[in-house]
S.K.: 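Before I ask anything, let me first share the structure, which is written out below as structure tokens.
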Amino acid sequence: MTAYKSELLRLLDTRGYIHQATDANALDALASKEVVPGYIGFDATAPSLHVGSLVQIMLLRRLQQSGHKPIVLMGGGTSKIGDPSFKDEARKMLTTDLIGENIASIKRIFERFLTFGDGPSDAVMLDNSEWLDALEYIPFLRDVGQHFSINRMLSFDSVKLRLDREQSLSFLEFNYMILQAYDFMELSRRTGCRLQMGGSDQWGNIVNGIELTRRMDSVEVFGVTTPLITTADGGKMGKTVSGAVWLHEDQLPSYDYWQFWRNTDDRDVGRFLRLFTDLPLDEIARLESLQGSEINAAKIALANAATAMCRGEEAALQAAETARRTFEEGAAGGDLPSINVTDTVSLIDALVALDFVVSKKEARRMIQGGGARVEGEVVSDENAVILRQTAAVKISAGKKKHGIISFS
RNA sequence: GGACAGGUGGCCGAGUGGUUAAAGGCAGCAGACUGUAAAUCUGCCCGGUUUUCCGUACGCUGGUUCGAAUCCAGCCCUGUCCA
């Protein structure tokens, strides 16, 4: 890699965000002399985002940190179609109302990571239904459609995958890449946007947008993709004991969010610190070099920083303190999941109520397998009950899931 | 519209009349070992239950049969080729 001149490219490069880039040197030159508005598109198919989108969010944050303007593009229009890229099946289509709600909810997440406003490098959020909804078919085909070659579109990996797997790809979905390319051009016209970023699976779509913009407007725009963030053992990032790792606190308690980062694989710690925290690089280098069980200190630093950014300083401190008390002292920390019952409950019901297991059957198996503990003591009687008492009782399922039952 | 192939548990994928809640793999969960890591080994892995008892399940709806994921009919969906 050549040394970049611009703050932006240096930052992205050293922190490991760049997988592919179109004409990096020209982008570097541009970024070192003017404010570059750059965008990333996000789905509006769910009311929240999970850590799978965090690299993208951080990428916009880095853009802003280096003095440029992040544009969050919500796919309100394209969500009505669904991106077929690398998906096995067509997505369900959503109603307009639902999409609107999702966008409002997602905005709250971005406010944690970006500064919105009217200044030159303040973030803005746009919705592509603004222009997509108004498109007229014939003019669109004539002006935009003529620039796309079916032969070429068929050669894209995203499409080939579906065809090779003998899965249907509807015309509707096939149009997705055209609309996404159109988005880039539209943003370039409306906001002077010069850069689109995205995950590596978006490369094809991004390149299409660059070409379309050049052909129609003779404007040079750029693309950068991030590497696919997988965990060291090859899995997709973003699963916890209880499902997806949501960024919204009403969908995932901050304690669980903290735990997610705390449980990072050794081999991922340095990479994640660079990508997902603002810690200085020399500090990261130090943490990363810790050996053996000392690496746990780095994981705690990662969890603290990542949680603080997404959930606030306070939530991070609380989660860290709960974890310390729970794991180091074996006590019951205050932030643990808890349920309140009025009378004696069976251990099985308690495990189910705490969401540690999804069914009573599973609770039984957990107990039989010796994975259930009450106040730290293994309970192997599956009919065990927890008597009503004044003090709260700590219930554990496995080594990591702990919860509290209190009586009222 | 026609011909052919296919639709099985979270995913992949066996199974062509009974002992099949359905091989095997992946993912997941628990135990051992550890460092709330990885790797490895062991167990579990549809639901309910007073535990070999009930319910539900192999695209959908009916039928044949003592008995069907397995046979028959119709329908729906997917793919390939032809029109």
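Note on naming: letters A, B, ... go to the chains in the order of the sequence lines (proteins, then strands), and numbering restarts at 1 for each one.
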S.K.: Could you tell me whether Lys299(A) and Asp265(A) make a salt bridge, using a distance below 4.0 angstrom between a side-chain N and a carboxylate O?
M.R.: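 Salt bridge: no.
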
S.K.: How far does the C1' atom of C66(B) sit from the matching atom of C71(B), given to the nearest Å?
M.R.: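 16 Å, rounded to whole Å.
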
S.K.: If I pick the C1' atom on G47(B) and the same atom on U56(B), what distance separates them, to the nearest angstrom?
M.R.: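 Result for the C1' pair: 7 Å, nearest Å.
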
S.K.: Hunt down the Watson-Crick or G-U wobble partner of C81(B), both distances under 3.5 Å, from any strand shown, or write none.
M.R.: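 The answer is G2(B), by the H-bond criterion.
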
S.K.: Using atom C1' in both nucleotides, what's the gap between G63(B) and A68(B) to the nearest angstrom?
M.R.: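 Pairwise C1' distance, G63(B) against A68(B), rounds to 12 Å.
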
S.K.: So what's C75(B) paired with, Watson-Crick or G-U wobble, going by both distances under 3.5 Å?
M.R.: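 Because both required distances fall under 3.5 Å, C75(B) counts as paired with G59(B).
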
S.K.: Using a strict 4.0 Å threshold on nitrogen-to-oxygen distance, state whether Arg324(A) and Glu329(A) make a salt bridge.
M.R.: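 Salt bridge: yes.
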
S.K.: Taking OH from Tyr255(A) and P from U36(B), how many angstroms apart are they, rounded to a whole number?
M.R.: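 From Tyr255(A) OH to U36(B) P: 12 Å.
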
S.K.: Going by purine N1 to pyrimidine N3 plus the second Watson-Crick contact, or the G-U wobble pair, all under 3.5 Å, which nucleotide sits opposite G18(B)?
M.R.: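 For G18(B), the partner nucleotide comes out as C66(B), under the 3.5 Å rule.
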
S.K.: Does NZ or CZ of Arg62(A) fall inside the cone over Tyr17(A)'s six-membered ring, less than 6.0 Å from its centre and within 45° of the axis?
M.R.: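 That pair does not qualify as a cation-pi contact.
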
S.K.: Using the C1' atom as the point on both nucleotides, what is the distance between G59(B) and U65(B), in whole Å?
M.R.: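 Nearest-Å result for U65(B) against G59(B) at atom C1': 23 Å.
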
S.K.: Paired with U49(B): which nucleotide, if any, by Watson-Crick or G-U wobble criteria at under 3.5 Å for both distances?
M.R.: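 Result: none.
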
S.K.: Check this for me, if you would: do Asp349(A) and Lys360(A) make a salt bridge, where the nitrogen-to-carboxylate-oxygen distance has to be below 4.0 angstrom?
M.R.: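 So Asp349(A) pairs with Lys360(A) through a salt bridge.
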
S.K.: Find the partner of A27(B): check Watson-Crick (N1-N3 plus N6-O4 or O6-N4) and G-U wobble (N1-O2, O6-N3) distances, both under 3.5 Å, and reply none if neither fits.
M.R.: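 Across all strands, not a single nucleotide pairs with A27(B).
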
S.K.: Could you tell me whether Arg271(A) and Glu288(A) make a salt bridge, using a distance below 4.0 angstrom between a side-chain N and a carboxylate O?
M.R.: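 So Arg271(A) does not pair with Glu288(A) through a salt bridge.
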
S.K.: Using a cut-off of 4.0 Å on non-hydrogen atoms, how would the nucleic acid contact of Arg262(A) be classed: base, sugar-phosphate, or nothing?
M.R.: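 Base: the residue Arg262(A), judged by heavy atoms under 4.0 Å, touches a nucleobase.
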
S.K.: Check whether NZ of the Lys or CZ of the Arg Lys399(A) lies under 6.0 Å from the centre of the six-membered ring of Phe327(A) and within 45 degrees of that ring's axis.
M.R.: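 The answer is no; the distance or angle limit is not met.
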
S.K.: Any salt bridge between Glu220(A) and Arg194(A), counting N to O under 4.0 Å?
M.R.: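 Here Glu220(A) does not pair with Arg194(A) in a salt bridge, since their nearest N and O are not under 4.0 Å apart.
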
S.K.: Does a side-chain N or O from Lys399(A) land closer than 4.0 Å to OP1 or OP2 of U34(B), or not?
M.R.: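 Answer no for this pair, as no side-chain N or O of Lys399(A) is under 4.0 Å from OP1 or OP2.
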
S.K.: Please state how far atom CD in Glu294(A) lies from atom C1' in A37(B), giving the value in whole angstrom units.
M.R.: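 Computing the Glu294(A):CD to A37(B):C1' distance gives 15 Å.
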
S.K.: Starting from P on U36(B), measure out to CG on Leu336(A) and report it in whole angstrom.
M.R.: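 After rounding, the reported distance stands at 16 Å.
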
S.K.: Rounded to the Å, how far apart are Arg271(A) CZ and A37(B) C1'?
M.R.: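 Going from Arg271(A) (CZ) to A37(B) (C1'), I get 15 Å.
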
S.K.: Write down the distance between CD (Gln291(A)) and P (A37(B)), rounded to a whole number of angstrom.
M.R.: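 It is 18 Å, rounded to the nearest whole Å.
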
S.K.: Determine, for Lys401(A) against Asp355(A), whether the closest basic-nitrogen to carboxylate-oxygen distance falls under 4.0 angstrom.
M.R.: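 Salt bridge: no.
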
S.K.: Leu290(A) has an atom CG; how far is it from atom C1' of G35(B), in whole Å?
M.R.: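 So the two atoms are 13 Å apart, to the nearest Å.
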
S.K.: Using the C1' atom as the point on both nucleotides, what is the distance between G6(B) and G55(B), in whole Å?
M.R.: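 The same atom, C1', in both gives a distance of 31 Å.
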
S.K.: Within the 4.0 Å limit for protein heavy atoms, which parts of nucleotides 48-57 of chain B are touched? Write it as a string from 5' to 3', B for base, S for sugar-phosphate only, - for none.
M.R.: BBSB------

S.K.: Whom does A32(B) pair with, Watson-Crick or G-U wobble, provided both distances fall under 3.5 Å?
M.R.: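 Partner of A32(B): U40(B).
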
S.K.: Taking atom P in both U80(B) and G25(B), compute the distance separating them and give it to the nearest angstrom.
M.R.: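 Those two atoms are separated by 33 Å.
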
S.K.: Rounded to whole Å, how long is the line connecting atom CZ of Arg373(A) with atom P of A30(B)?
M.R.: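 Arg373(A) atom CZ is separated from A30(B) atom P by 10 Å.
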
S.K.: Just how far, in rounded Å, is P of C45(B) from CZ of Phe356(A)?
M.R.: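 Going from CZ in Phe356(A) over to P in C45(B) covers 22 Å.
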
S.K.: Does Trp258(A) reach a base, just sugar-phosphate, or nothing at all? Heavy atoms under 4.0 Å.
M.R.: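 It contacts base atoms.
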
S.K.: Would you mind telling me which residue lines up with the more 5' stretch of RNA chain B, Met366(A) or Ile295(A), judged by nearest nucleotide?
M.R.: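 Upstream on the strand: Met366(A).
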
S.K.: So Thr326(A), base contact, sugar-phosphate only, or nothing? Heavy-atom distance under 4.0 Å.
M.R.: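 Here Thr326(A) touches no strand at all.
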
S.K.: Looking only at side chains, do Trp261(A) and Asn304(A) share a donor and an acceptor under 3.5 Å apart?
M.R.: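 Side chains of Trp261(A) and Asn304(A): no pair found under 3.5 Å.
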
S.K.: Using atom C1' in both nucleotides, what's the gap between G17(B) and A69(B) to the nearest angstrom?
M.R.: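 So the two C1' atoms sit 11 Å from each other.
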
S.K.: Quick check on RNA chain B: between Gly369(A) and Asn263(A), whose nearest nucleotide comes earlier from the 5' end?
M.R.: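 In this pair, the answer is Gly369(A).
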
S.K.: Between U52(B) and U42(B), how many Å separate the two P atoms, rounded to a whole number?
M.R.: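 Between the two P atoms, the distance is 29 Å.
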
S.K.: For Ala372(A), which contact category applies under a 4.0 Å heavy-atom criterion: base, sugar-phosphate, or nothing?
M.R.: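 No contact at all - Ala372(A) keeps every heavy atom at 4.0 Å or more from the nucleic acid.
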
